[in-house]
Student: 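One structure, pasted below without further comment.
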Amino acid sequence: MRFSRAYIPTTKESPKDALLPSHIYLSRAGFVAQVASGLYNFLPLGKRVLRKIENIINEEMAACGALEVDLSFVTPAELWQESGRIEKFGKELLRFRDRKDNLFVLGPTHEEMMVSIVRNRVTSYKQLPLNVYQVKTKFRDEARPRFGLMRAREFVMKDGYSFHASTEDLDREFDVMEAAYKQILERLGLTFRIVEADSGAIGGTGSKELMVLAQSGEDTLAVCDTCEYGANVEAARRAPRTIIPEAPQADFMRFKTPNVKSIDDLSAFFHVDPYYTLKAVVMRAVYTEGSEPVCFFIRGCDELQEVKARNSVGAIDLVDISEAELSEIGLVPGFIGPLDQDKIRFVMDNDTRNATSMICGANEADYHFVGVNLSVMNEAVFADLAAVAEGDGCPHCGGKFLHTKGIEVGHIFKLGTTYSAPLKAEFLDENGRSQPFIMGTYGMGVSRLVAAVIEQHHDEKGCIWTHATAPYMVNVMVSNIKEEAHLAYAESLYTELQSRGIETILDDRKERFGFKMSDAELIGFPFTVIVGKEMENGLVQIMIRKTCEIITVNADDVETKLEELIG
RNA sequence: CGGGGCGUAGCUCAGUAUGGUUAGAGUACUUGGUUUGGGACCAAGGGGCCGGAGGUUCGAGUCCUCUCGCCCCGACCA
């Protein structure tokens with residue numbers, strides 16, 4: 001491609017609403033342009049990057065026998081009614097009616113459609129397993145799109161679905177997909193972590209997220225500093241504590257603690273580590289029908305992890321509750337405890353089971369119990385409620401957890417029969433018995449990956465594309481096109497590189513050196529060959545974008561040198 | 001959906017508290033000239049429904065009401 005004939009609208013200034021590096025540079029360098037909230041046009045360079053990622057995905061999917069399909073973007077609403085998701089998805093589903101007044105939705109994901117294409121067609125266990133996928137535009141009418149391509153309403157996603165006759169076979173395929181996803185991200189040149197994730201209301205036994213590590217990531221991960229284990233904090237587990245503070249000595253008794261309400265106050269008042277205090281967090285749990293206040297008890301040194309708390313009571317949401325509401329129930333804020341507690345449903349953190357020497361609220365203003373042995377609560381409901389903190393121990397190796405930020409670019413999980421059962425997608429097993437398909441689902445955010453590459457690979461000058469994602473590998477830049485000999489050399493180099501299968505762009509614009517260099521750095525081609533002053537000595541230079549290092553090479557050896565650099 | 005902010009040239013923004021000639025700058029664009037290794041310089045140009053509708057006023061980019069759009073924080077995001 002000749003730069004002079006390309007459409008690459010670069011700008012010196014960022015769009016006023018761009019905050020993230022990926023958003024700023026992808027806009028400034030002319031890869032994408034915003035159309036409306038959460039909607040983006042892909043310009044020629046952006047489209048090339050998108051296609052490269054798609055190609056890698058397609059190659060890796062083909063390598064493990066997955067079959068590419070392409071399902072209708074517009075899907076009949078009936079399918080969504082059948083699965084029960086039309087309500088659940090709510091306003092994120094963009095609905096509309098056709099001329100005959102039939103209701104349709106724009107596909108935000110394709111479980112229903114995918115089940116419907118195999119339903120009644122795959123009818124025997126002999127046809128299983130089956131793994132089908134597509135790379136497709138999706139639409140989710142997000143309440144708040146943001147961060148450019150990172151959270152758009154219209155986006156490109158690879159979504160795959162596998163169908164099995166047994167859970168063992170699903171487990172096998174799940175591992176195959178995990179390996180394939182890992183391979184894709186490695187080929188793209190990304191640093192990432194595969195972490196355990198919350199499987200949410202969908203349930204299932206396995207749920208893993210692929211996280212590209214970047215400061216701007218929206219998810220917080222707890223990663224082990226020693227082994228491979230990592231988890232989204234929503235799902236992270238930790239090893240039992242090894243360092244236990246010295247226990248306070250006290251017999252069980254009711255103790256007057258005037259106006260001592262917070263954990264800080266309490267531990268100061270008794271001069272004990274917060275580990276020996278019991279924190280009560282009351283929230284209103286919202287269910288599909290109705291809601292109720294629920295109290296969660298955790299150690300004072302811990303924080304409540306809301307997703308875990310929500311899962312522990314099967315709620316769809318937890319919302320804050322006011323002190324007035326607490327008083328109405330008969331609870332005294334600051335003095336709530338589990339002993340003789342019958343005013344509210346409560347759940348206790350696993351780490352409080354059989355805890356001794358505890359201090360907890362006495363359910364009466366200005367009184368706490370001390371010397372509490374929580375083994376008396378063994379009949380209560382226990383669950384993992386506490387948020388994993390930095391420094392907590394890894395459950396696998398005894399290493400320490402660190403927190404880091406990640407961009408979720410993929411999510412794979414085992415669906416089981418969540419969709420096949422309600423949609424009555426069944427096959428006959430060896431015994432002639434009708435069974436719903438056992439399913440797995442594998443998603444990857446393709447357009448989000450474009451942004452993720454830049455979040456992880458940029459500097460103050462612009463984009464730094466990895467070799468696998470670069471729109472062009474080499475930029476042949478003529479610093480002054482009026483120098484006919486320089487231009488002629490560049491033209492021949494441009495032709496030669498292309499014949500060697502290297503994607504090349506020729507910057508033949510009538511612009512000055514500095515202008516073209518800035519563009520080259522902003523756009524982020526891995527290598528820019530500078531054809532200019534050094535030509536008089538039979539030399540050219542290669543600017544390596546990643547380091548901004550400029551090396552001088554003989555004009556006759558540049559192709560070989562580039563091939564060496566590309567590797 | 002709750003809270004906040006912003007809509008003026010392709011882009012980034014002044015101008016709006018206190019209404020008053022023909023609405024500005026930088027950048028980008030066109031033409032001519034000079035330049036040519038880090039976003040050059042000189043000169044001459046084109047480009048605006050001041051987001052939209054209604055109102056107040058002799059007069060509205062500026063004041064009032066309504067509306068649409070975009071952004072930020074939160075909620076939400078199987």
Student: For G74(B), which nucleotide in any strand shown is its Watson-Crick or wobble partner with both distances under 3.5 Å?
Tutor: C1(B)
Student: When you match P15(A) and T11(A) each to their closest nucleotide on RNA chain B, which lands nearer the 5' end?
Tutor: P15(A)
Student: Any idea which of C70(B), A75(B), G37(B) is nearest the R146(A) side chain?
Tutor: A75(B)
Student: Can you tell me the pairing partner of C13(B) across any strand shown, Watson-Crick or G-U wobble, with both distances under 3.5 angstrom?
Tutor: G24(B)
Student: For nucleotides G26(B) and G46(B), find the distance between their P atoms and express it as a whole number of Å.
Tutor: 16 Å
Student: Would Y161(A) and D159(A) count as a side chain to side chain donor-acceptor pair (under 3.5 Å) if you check the C-alpha gap in whole Å, the side-chain angles of each, and the deciding distance to 0.1 Å?
Tutor: CA-CA 7 Å; Y161(A) 309 85; D159(A) 52 325; 2.6 Å; yes
Student: Roughly, in whole Å, what's the span from CZ in F3(A) to C1' in G39(B)?
Tutor: 13 Å
Student: Salt-bridged, D507(A) to R2(A), with N to O below 4.0 Å?
Tutor: no
Student: For A53(B), give the paired nucleotide (Watson-Crick: N1-N3 plus N6-O4 or O6-N4; G-U: N1-O2 and O6-N3; both under 3.5 Å), or none.
Tutor: U65(B)
Student: Of the options G38(B), C71(B), U36(B), whose atoms approach the side-chain atoms of N480(A) most closely?
Tutor: U36(B)
Student: For the P atoms, the ones on G19(B) and on U67(B), what distance do you get once it is rounded to whole angstrom?
Tutor: 27 Å
Student: Quick one: E111(A) CD to A78(B) C1', roughly how many Å, whole number?
Tutor: 7 Å
Student: Counting Watson-Crick and G-U wobble pairs only, both distances under 3.5 Å, name the nucleotide matched with G37(B), or none.
Tutor: none
Student: Using atom P of each nucleotide, how far apart are C77(B) and G4(B) to the nearest Å?
Tutor: 24 Å
Student: Between G37(B) and C73(B), how far apart are the two P atoms, rounded to whole Å?
Tutor: 44 Å
Student: Would you mind telling me which of C77(B), A78(B), G38(B) lies closest to the side-chain atoms of Y419(A)?
Tutor: A78(B)
Student: NA contact type, Q34(A), heavy-atom cut-off 4.0 Å: base, sugar-phosphate, or nothing?
Tutor: sugar-phosphate
Student: Between the base of G39(B) and the side chain of E13(A), is there a donor-acceptor distance below 3.5 Å?
Tutor: no
Student: Mind checking if R28(A) touches a base, just sugar-phosphate, or nothing, with heavy atoms under 4.0 Å?
Tutor: base
Student: Centroid distance below 5.5 Å plus an interplanar angle below 30 degrees: do F515(A) and G39(B) meet both conditions?
Tutor: no
Student: Nearest whole Å is fine: how far is U36(B) C1' from K516(A) NZ?
Tutor: 10 Å
Student: Less than 4.0 angstrom between a side-chain N/O of S14(A) and OP1 or OP2 of U12(B), yes or no?
Tutor: no
Student: Using the closest heavy atom to pick a nucleotide of RNA chain B for each, name whichever of V35(A) or I550(A) lands nearer the 5' end.
Tutor: I550(A)
Student: I need the CG-P distance between D519(A) and A28(B), as an integer number of Å.
Tutor: 12 Å
Student: Can you check the E511(A) CD to U36(B) C1' distance for me, whole Å?
Tutor: 11 Å
Student: Starting the side chain at C-beta, find the nucleotide from C72(B), A78(B), C71(B) nearest to F413(A).
Tutor: A78(B)
Student: Just to be sure I understand the rule, does E408(A) reach a base, reach only the sugar-phosphate, or reach nothing, if contact means heavy atoms closer than 4.0 Å?
Tutor: nothing
Student: Hey, does the side chain of N475(A) reach the backbone of F525(A) with a donor-acceptor pair shorter than 3.5 angstrom?
Tutor: no
Student: For G32(B), which nucleotide in any strand shown is its Watson-Crick or wobble partner with both distances under 3.5 Å?
Tutor: C42(B)
Student: Choosing from U35(B), G39(B), A78(B), which nucleotide comes nearest the side chain of L522(A)?
Tutor: G39(B)
Student: What's the CD-P distance between E87(A) and A78(B), to the nearest Å?
Tutor: 17 Å
Student: Of the nucleotides G38(B), C70(B), G37(B), which has the atom closest to the I530(A) side chain?
Tutor: G37(B)
Student: The side chain of M517(A) is closest to which nucleotide in this list: C6(B), G38(B), C1(B)?
Tutor: G38(B)
Student: Does E521(A) get its side chain close enough to the base of G38(B), under 3.5 Å, for a donor-acceptor pair?
Tutor: yes
Student: Please measure how far the P atom in C50(B) lies from the corresponding atom in C41(B), and state the result in whole Å.
Tutor: 32 Å
Student: Begin from the C-alpha positions of K533(A) and S479(A) and carry the test side chain to side chain donor-acceptor pair (under 3.5 Å) through to its verdict.
Tutor: CA-CA 8 Å; K533(A) 276 186 171 171; S479(A) 34; over 6 Å; no
Student: Counting side-chain heavy atoms from C-beta on, which of C70(B), G39(B), G37(B) comes nearest to A36(A)?
Tutor: C70(B)
Student: What is the distance, rounded to the nearest whole Å, between atom CZ of R144(A) and atom P of G74(B)?
Tutor: 7 Å
Student: Please work out whether A17(B) sits syn or anti, treating a glycosidic angle within 90° of 0 as syn.
Tutor: syn
Student: Say you pick atom P in G38(B) and the same atom in G47(B); how far apart are they, in whole Å?
Tutor: 36 Å
Student: For C11(B) and G51(B), measure between their P atoms and round to the nearest Å.
Tutor: 13 Å
Student: Would you call E154(A) and R140(A) a salt bridge, taking side-chain N to carboxylate O under 4.0 Å as the test?
Tutor: no
Student: So which nucleotide from A78(B), C72(B), U35(B) ends up closest to the side chain of K482(A)?
Tutor: U35(B)
Student: Scan E234(A), M211(A), E408(A) and name whichever one has a side chain to side chain contact (heavy atoms under 4.5 Å, CB included) with V195(A).
Tutor: M211(A)
Student: Can you tell me how far P in U18(B) sits from the matching atom in U62(B), rounded to whole Å?
Tutor: 14 Å
Student: Assess whether side chain to side chain donor-acceptor pair (under 3.5 Å) is satisfied between K461(A) and Y25(A), documenting all intermediate values.
Tutor: CA-CA 9 Å; K461(A) 289 179 174 173; Y25(A) 294 133; over 6 Å; no
Student: Kindly determine whether E196(A) and R237(A) satisfy salt bridge (charged side-chain N to carboxylate O under 4.0 Å, His left out), including the steps that lead there.
Tutor: CA-CA 9 Å; E196(A) 289 186 6; R237(A) 294 168 289 113; 3.0 Å; yes
Student: Nearest to the side chain of K91(A), which nucleotide is it out of C1(B), C6(B), G39(B)?
Tutor: C1(B)
Student: Which base, if any, makes a Watson-Crick or G-U wobble pair with U18(B), both distances under 3.5 Å?
Tutor: none
Student: Between S162(A) and Y442(A), does the side chain to side chain donor-acceptor pair (under 3.5 Å) criterion hold? Intermediate values first, please.
Tutor: CA-CA 8 Å; S162(A) 66; Y442(A) 320 96; 2.7 Å; yes
Student: Should the side chain of K12(A) and the base of U27(B) be counted as holding a donor-acceptor pair, with the cut-off at 3.5 Å?
Tutor: no
Student: Does K16(A) reach a base, just sugar-phosphate, or nothing at all? Heavy atoms under 4.0 Å.
Tutor: sugar-phosphate
Student: For T441(A), answer base if it contacts any base atom (sugar-phosphate contacts may also be present), sugar-phosphate if it contacts only those atoms, and nothing otherwise; contact means non-hydrogen atoms under 4.0 Å.
Tutor: nothing
Student: Could you tell me whether S479(A) contacts a base, only the sugar-phosphate backbone, or nothing, with contacts defined as non-hydrogen atoms closer than 4.0 Å?
Tutor: base
Student: K461(A) has an atom NZ; how far is it from atom P of G39(B), in whole Å?
Tutor: 12 Å
